[in-house]
Amino acid sequence: MRVLAFLDGKLADPEAAHLRVDDLGLLRGDGVFETILVTGEKPRELRPHLDRLARSAAMLELPEPDLEGFERAARAVIDHWTGGREIALKLVYTRGIDGDPAGGPTAFAVGLEIDEKVQRARAEGVAAVLLERGFAPDVAERAPWLLLGAKTVSYAVNMAALREAGRRGADDVIFTAADGSVLEGPTSTVVIAKGRTLYTPPSSVGILPGTTQHALFRGAEKAGWTVKVEPLEAADLTTADGVFLASSVRLVTRVHTLDGAPLPDSAALHRELVEIYESEY
Ligand code: PLP
């Protein structure tokens, strides 16, 4: 099941061709996107996702996105969905046609089923490997053209890292910076628990500010946890009571194995954090 809508709220056939072959999103990965989880017909953290779409677009110097149009398209997808209980709702915004700036950006929303792999990761947790990302944690500010922290459609590196994890017998990746500090997953934010404190690295190290992590920390604070956004070393992962990967569609999944070595059993902690995240819904 998939449902496609454009910003005027009109539906289109998701099996038909709608993009031109010279769309810069396709030719150069020159565009941005968001993936939002819809449950019970409600898009979760919609405003933070729309704000981040606008922020990513600004980093790429794209025209300001029509957020009302994106909301309209999202609503059209949700209203016409007849598939599973949840929707992975993607908002896509590219620079449009090469050499035709007057043509304007390409923009659409598409609803997709949740991958079976994601369902399994939610239930069983994942084995992750540390892979180097190759940049220093202070480069994001010095070199904004690297677009670190923008959610661009150029995810080829992220997907390659996941294939490398597969080759190493793992399911997912935690990227490290050139100094060995913790960055993020290819499609997730890293959260660790130590005692009653949750930690995540700051987006200033060149990572995407996660909407799921943000909502989780909001809920955790209300539930009496301390939350800290500060740089993490790889060693913090192995000494933590729990390591988690958070993202909109996977929610909060636990990492049970890191680089082939089992981590402490965090199943009870995981249940607690999932409950906290759900309480923010
Ligand atoms: N970091 C990266 C690189 C991502 O691609 C994602 C989501 O896909 C996240 C973090 C988590 O963001 P969110 O919780 O807003 O889905």
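Heavy-atom basis, side chains included; hydrogens, waters and symmetry copies ignored. In each ligand, atom 1 is the first atom listed, and ligand 1 is the first ligand listed.
Between R44 and E278 there is a salt bridge, since a side-chain N of the basic residue sits under 4.0 Å from a carboxylate O of the acidic one. Under the 4.0 Å criterion applied to side-chain N and carboxylate O atoms, E272 and R196 are assigned as salt-bridge partners. Salt bridge R55/E34: absent, no basic N to carboxylate O contact under 4.0 Å.
Below 30°, between 30° and 60°, or above 60°: for F244 and H270 the angle between ring planes is below 30°, a parallel geometry.
For S203, there are no side-chain hydrogen bond (donor to acceptor under 3.5 Å, both in side chains) partners, not counting sequence neighbours.
Between R20 and T106, the side chains place no donor N or O within less than 3.5 Å of an acceptor N or O (distance only, hydrogens not considered).
Residues of the protein with a heavy atom under 4.0 Å from ligand 1 are H49, R52, K151, Y155, E184, G185, P186, T187, S188, T189, L208, G210, T211, T212, A246, S247, S248, listed by chain and number.
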